Amino acid sequence: MAQNGVENEIKASALELIGNTPIVALDRLWPGPGRILAKCEFMNPGASIKCRSSLHMIEKARENGDLKPGAPVLEVTSGNQGCGLAVVCAVLGHPLTLTMSKGNSVQRAIHMEALGAKCVRVPQVEGSYGNVTLADVKAAEAEGLRLVEQTGAYYVNQFNNTMNSDSHYCTTGPEIWRQTGQHVDAFIATVGTAGTFAGTSKYLKEKNSNIKCFVVEPAGSEPIKGCPITKPLHVLQGSGYGCVPYLFNFENMYETISITDDETKHFMKLIGEKEGLYVGYTSGANVAAAVKLLESGKLPKDAWVVTLLNDSGLKYTPVPAELT
Ligand SMILES: Cc1ncc(COP(=O)(O)O)c(C=O)c1O
């Protein structure tokens with residue numbers, strides 16, 4: 001009950017900490033002309049943007065009766081979806097199992113297990129630790145499907161679940177529109193399942209069809225650009241799987257921007273040193289792409305470019321060799 005109005009200040013659970021992330025101007029890294037504005041997705045309780053889709057997919061499954069109260073949940077993850085689901089399932093009381101390639105950072109498995117989930121780390125078939133390929137994801141998926149068959153758990157299926165992109169249509173897009181005072185010239189995102197890009201670009205294009213939406217692809221693994229894969233290994237864990245995902249929507253994309261591993265690492269470092277924000281690889285790639293775009297002359301000089309700081313750099317801090 002309300003006591004001196006404090007109930008307004010108290011969040012009912014961690015679920016209310018998801019979304020409504022601040023947007024920050026990277027004015028020290030890019031003093032202009034134009035501006036880079038970045039959504040602080042690492043501030044979600046699972047420390048990544050995937051908390052948004054985790055909450056929405058689970059809520060919708062409970063609403064439509066596919067997921068019964070207390071029933072077990074299973075998902076295949078590169079880690080961040082698993083951390084987001086672990087937050088949601090802990091609060092709502094669903095036992096959670098995740099399968100994840102051993103190539104994804106072990107910090108994510110530690111994080112999920114700290115929230116009561118079980119993480120099955122699946123050996124890699126192609127990549128190496130820190131570099132996860134489509135074949136590695138498929139191996140994690142095969143193990144996940146085997147466990148679904150065995151246990152009857154509810155399978156979230158982020159790559160084919162339209163509530164994944166819908167979460168960004170309902171939250172990320174409207175937040176950007178509101179927080180920029182409806183001033184957006186371009187939006188930039190990396191693509192894993194494509195949930196983020198598809199939902200956010202759909203919302204923004206509906207608001208203003210002149211907004212240009214760009215996809216970031218790792219150099220040499222650019223299927224959305226239409227190129228053959230020449231370099232399947234790259235550092236953008238959680239994105240750039242070398243295929244066009246089911247949820248992807250070409251009609252809202254203006255162009256792709258190619259970013260190398262060196263550019264990604266350079267901008268991760270700059271975001272830390274100049275902006276005081278310790279972020280992960282896809283955040284570095286997003287900001288590298290924003291700078292490339294502002295330098296390209298493809299936008300008006302005073303353009304506002306909006307992008308995402310997808311997760312925390314703490315998810316990638318080096319760990320002892322025996323765990324990798
Ligand atoms: C760090 C990181 N960046 C970007 C993405 C891509 O997001 P989406 O699956 O919405 O395309 C993911 C997805 O897991 C991720 O973990």
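Scope of the values below: all heavy atoms of this structure, side chains included, with no hydrogens, waters or symmetry mates. All residue numbers in this chain count up from 1 along the given sequence. Order of appearance sets the numbers: ligands from 1, and atoms from 1 within every ligand. Computed from a predicted model, the values in this text were never measured in an experiment.
- The shortest heavy-atom distance from K315 to ligand 1 is not under 4.0 Å.
- Proximity to N310 (heavy-atom distance under 4.0 Å) selects the following atoms of ligand 1: 3 (N), 4 (C).
- Looking at T99 and E141, their side chains never bring a donor and an acceptor atom within 3.5 Å of each other.
- Close approach to G195 involves these atoms of ligand 1, each under 4.0 Å from a residue heavy atom: 10 (O), 11 (O).
- Between K50 and ligand 1, an N or O atom pair is found at a separation short of 3.5 Å.
- Each of the atoms 1 (C) of ligand 1 lies under 4.0 Å from some heavy atom of Y316.
- Not close to ligand 1: Q81, with no non-hydrogen atom less than 4.0 angstrom away.
- Residue G192 places at least one N or O, backbone or side chain, under 3.5 Å from an N or O of ligand 1.
- Scanning the protein for heavy atoms near atom 13 (C) of ligand 1, the closest one is G238 O, 3.2 Å.
- Residue-ligand proximity, D311 to ligand 1, at heavy-atom distances under 4.0 Å covers atoms 1 (C).
- With respect to D27 and R35, a salt bridge is recorded, a charged nitrogen being found less than 4.0 Å from a carboxylate O.
- Nearest protein heavy-atom contact of atom 16 (O) of ligand 1 is N80 ND2, 2.8 Å.
- The protein atom (non-hydrogen) at minimum distance from atom 10 (O) of ligand 1 is T196 OG1, 2.6 Å.
- Atoms CD and CD1, from E222 and I229 in turn, are 8.0 Å apart once rounded to the nearest 0.5 Å.
- Between the side chain of Q179 and the backbone N or O of T21 there is at least one donor-acceptor pair closer than 3.5 Å.
- Scanning all heavy atoms of the two residues, the minimum distance from Q158 to N164 falls at O-ND2, 2.9 Å.
- Of the N or O atoms in I49, none lie within a sub-3.5 Å distance of an N or O in ligand 1.
- Taking both residues in full, the closest heavy atoms of A140 and S101 are given as CB-N, 3.9 Å, listed atom of the first, atom of the second, then distance.
- Looking from atom 3 (N) of ligand 1 to the surrounding protein, the closest heavy atom is T282 OG1, 2.7 Å.
- In the model, D136 has a side-chain atom that pairs as donor or acceptor with a side-chain atom of T133 under 3.5 Å.
- Short contacts between ligand 1 and V191, defined as distances under 4.0 Å to a heavy atom of the residue, involve ligand atoms 11 (O).
- Look at R146 and E149 and you find no salt bridge, because none of the NZ, NE, NH1 or NH2 atoms lies under 4.0 Å from a carboxylate O.
- G280 does not count as a contact of ligand 1, since none of its heavy atoms falls under 4.0 Å from the ligand.
- Residue contacts with ligand 1 do not include F159, since none of its heavy atoms lies under 4.0 Å from the ligand.
- Residues E251 and K205 are not paired through a salt bridge, judged by the lack of any N-O separation under 4.0 Å between the basic side chain and the carboxylate.
- Residue contacts with ligand 1: S48 is excluded, as none of its non-hydrogen atoms falls under 4.0 Å.
- Salt bridge annotation for R52-E175: present, with a cationic side-chain nitrogen under 4.0 angstrom from a carboxylate oxygen.
- Of the heavy atoms in A194, only backbone atoms (N, CA, C, O) come closer than 4.0 Å to ligand 1.
- For the ring pair (Phe, Tyr, Trp, His ring centres under 6.0 Å) test with Y169, the passing option among F197, Y203, W177 is Y203; the others fail.
- Annotation: atom 8 (P) of ligand 1 to nearest protein heavy atom, T193 OG1, 3.4 Å.
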